[in-house]
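Just follow the structure's listing: the first ligand is 1, and inside any ligand the first atom is 1. Worth knowing before you read on, the calculation uses all heavy atoms, side chains too, and leaves out hydrogens, waters and symmetry mates. None of the values given here were measured: they were computed from a predicted structure.
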Amino acid sequence: MKRILGSLVSIVLAASLVEAQAPRGASTPREKLAREIYAELVGINTVDVAGSPTRAARAMAKRFIDAGFPAEDVKIILHPDDSTRGNLVVRYRGSGKSKAKPILLLAHIDVVQALKSDWSRDPFTLFEENGFFYGRGSADDKAMASIFVANLLQYKAEGWKPDRDLILALTAGEESGEMNGVELLIAKYRDLIDAEYAINEGGGGVLDGEGMNVRPLFNTIQAAEKVPENFTLTVHNPGGHSSVPRPDNAIYSLANGLVRLSHFTFPVAVNPVTRSYFEANAKVEKRPEMAAAMRAIAANPADSAAAATLSTDPLYASTLRTTCVATLLNGGHADNALPQTATANVNCRIAPTSSDDEAMATLVRVLGDTSISVVFRDPVRELFPKSAEAVKPVVLSAVTDLTKKMWGDIPVIPVMSTGATDGRFLRAAGIPTYGVSGIFSLPRETNAHGRDEKLRTKSYYDGLAFLDALVRRLASR
Ligand SMILES: [Zn+2]
């Protein structure tokens with residue numbers, strides 16, 4: 001009886017799961033509008049240099065003007081050195097009931113290069129097939145951009161006013177790393193985008209399963225990120241004829257230094273965000289020894305046994321501490337000559353509570369050879385927030401409540417990205433930034449930056465509803 005009941009329950013559960021995750025088309029007018037905006041954005045090539053984020057910014061600006069937004073609240077900000085790198089900033093004025101600063105909604109509209117010859121479909125046309133949207137930017141980051149635009153247009157159309165201003169910034173230069181739109185806005189137009197906090201990409205929900213038979217596992221809020229920094233290592237040597245080797249050799253000196261670096265592990269640097277990450281992630285981690293180590297490190301960051309266990313997983317290892325790894329190597333100039341120069345690039349992902357000076361000092365010490373010079377490639381000193389503060393309770397409770405309502409009793413996990421988003425510029429400028437979207441996918445499923453980038457149709461419409469509800473709730477206080 002028990003077994004029969006058990007299998008019945010699982011059949012019913014499986015059926016409802018399949019139904020809950022089934023692909024679907026746009027059904028409401030708001031979904032149709034969002035899909036139309038999404039298709040328009042994907043249809044505009046916004047690859048840095050080859051395309052034009054400015055065209056996308058202008059297309060979105062037209063929608064706001066047509067919807068009755070005053071012209072002074074819809075601003076195109078061009079980069080002074082490149083008119084193709086345009087940004088759009090829109091202010092939706094609140095009732096003024098709340099004296100709190102605005103909430104900033106941030107999405108980048110530039111995308112990574114995509115060649116038609118590499119793709120199964122035209123990367124700059126939004127295709128809908130088998131429960132997925134395909135197209136460059138369909139996941140990164142034109143889903144969120146189109147959702148924010150559609151929701152603001154909806155608020156205006158229905159006459160809903162937030163208690164404080166909402167600011168939308170659609171920006172260029174996120175993917176190229178050059179002439180970054182957020183950096184420009186912070187440096188020159190701070191008043192336009194100044195906010196209590198920002199909502200950005202970098203978060204999302206994680207699914208478990210296969211194909212269309214999936215279930216939501218947890219939702220995330222990206223609340224901190226590591227800071228990337230490159231260091232150039234160089235060894236010079238007078239060189240000479242290779243038939244008469246000498247004990248000092250540029251290649252050997254550099255190689256030996258790099259071997260010492262490969263054996264080195266930076267000290268554990270747990271911060272409030274990673275602490276809550278390990279605590280919450282323990283609830284969904286499938287390996288019991290890992291889950292136990294997460295609970296242990298959250299309770300006591302000095303637990304070295306727990307750190308050792310977690311460090312066997314590359315992602316957890318990188319979440320625990322600063323990492324530095326050799327990524328490029330060059331040396332010598334001829335088959336029959338002693339090398340005069342050997343260089344390497346070391347890419348560090350520095351814990352937000354640390355600094356590039358600290359990473360530099362550690363590198364010099366670990367390389368342990370004064371003949372190896374170490375220099376910053378592009379100093380990023382100003383990008384260290386010095387702290388990684390826990391998610392604001394109002395944001396965390398809103399995300400948690402909405403997650404429960406939409407996807408059931410699954411955890412919301414605050415995360416620190418090991419990679420980088422535009423959130424780092426805002427955080428460094430003192431604007432807390434949360435990567436949260438309510439858009440779910442299987443791990444690595446979207447193939448963002450890669451071929452045939454895609455997003456589940458259901459996830460898109462769920463994200464639309466989630467961000468709508470989240471923004472309404474946060475802006476009503
Ligand atoms: Zn992105």
Side-chain angles (χ1 to χ4, degrees), residues 37-38 41-42 44-54 56-57 60 79 85-89 104-114 123-124 126 133-149 168-186 193 198-206 220-228 349 383 415-428 431 433-456 459-460 463-464 466-467:
I37 296 167
Y38 190 27
L41 280 176
V42 170
I44 300 173
N45 180 334
T46 54
V47 174
D48 191 50
V49 185
S52 169
T54 302
M60 295 302 109
H79 198 284
R85 289 180 166 114
N87 308 277
L88 174 67
V89 180
L104 173 64
L105 311 175
L106 175 70
H108 67 87
I109 45 173
D110 63 316
V111 292
V112 171
Q113 178 64 286
F124 300 106
L126 186 75
F133 288 118
Y134 290 86
R136 172 57 87 226
S138 57
D140 182 13
D141 182 24
K142 289 177 171 175
M144 273 185 99
S146 60
I147 285 171
F148 285 147
V149 171
L168 169 68
L170 301 180
T171 60
E174 197 269 348
E175 300 292 5
S176 66
E178 280 168 47
M179 299 210 239
N180 183 286
V182 173
E183 220 179 345
L184 172 74
L185 293 173
I186 284 287
I193 62 155
I199 294 176
N200 182 31
E201 64 171 344
V206 174
T220 67
I221 306 180
Q222 187 239 49
E225 52 193 279
K226 296 176 91 176
V227 182
R349 302 297 171 129
L383 287 185
V415 297
M416 173 181 76
S417 289
T418 54
T421 70
D422 274 350
R424 69 190 189 280
F425 297 108
L426 295 174
R427 290 193 192 101
I431 302 176
T433 301
Y434 304 117
V436 58
S437 68
I439 297 174
F440 281 69
S441 51
L442 288 170
R444 292 170 298 280
E445 174 177 72
T446 64
N447 206 27
H449 295 201
R451 178 179 185 270
D452 297 338
E453 178 178 348
K454 66 180 190 285
L455 192 73
R456 287 171 188 261
S459 296
Y460 179 80
L464 178 70
F466 174 83
L467 286 170

(message) Do Glu453 and Asp140 make a side-chain contact, defined as non-hydrogen atoms from C-beta onward lying under 4.5 Å apart?
(response) yes
(message) Tell me every residue that passes ring-ring contact (aromatic ring centres under 6.0 Å, His included) with Phe133, counting only those two or more places apart in sequence or in another chain.
(response) Tyr38, Tyr460
(message) So Thr418 and Arg349, do their side chains get closer than 4.5 Å, heavy atoms only?
(response) no
(message) Could you work out, with side chain to side chain contact (heavy atoms under 4.5 Å, CB included) as the rule, every residue matching Asn45, not counting sequence neighbours?
(response) Val47, Phe124
(message) Which residues pass the side-chain hydrogen bond (donor to acceptor under 3.5 Å, both in side chains) test with Asp141, not counting sequence neighbours?
(response) none
(message) If we only look closer than 2.8 Å, how many protein N, O or S atoms does the Zn ion (ligand 1) have near it?
(response) 4
(message) Here's a test for you: under side chain to side chain contact (heavy atoms under 4.5 Å, CB included), which of Leu105, Ile37, Leu467 qualifies with Ile147?
(response) Leu467
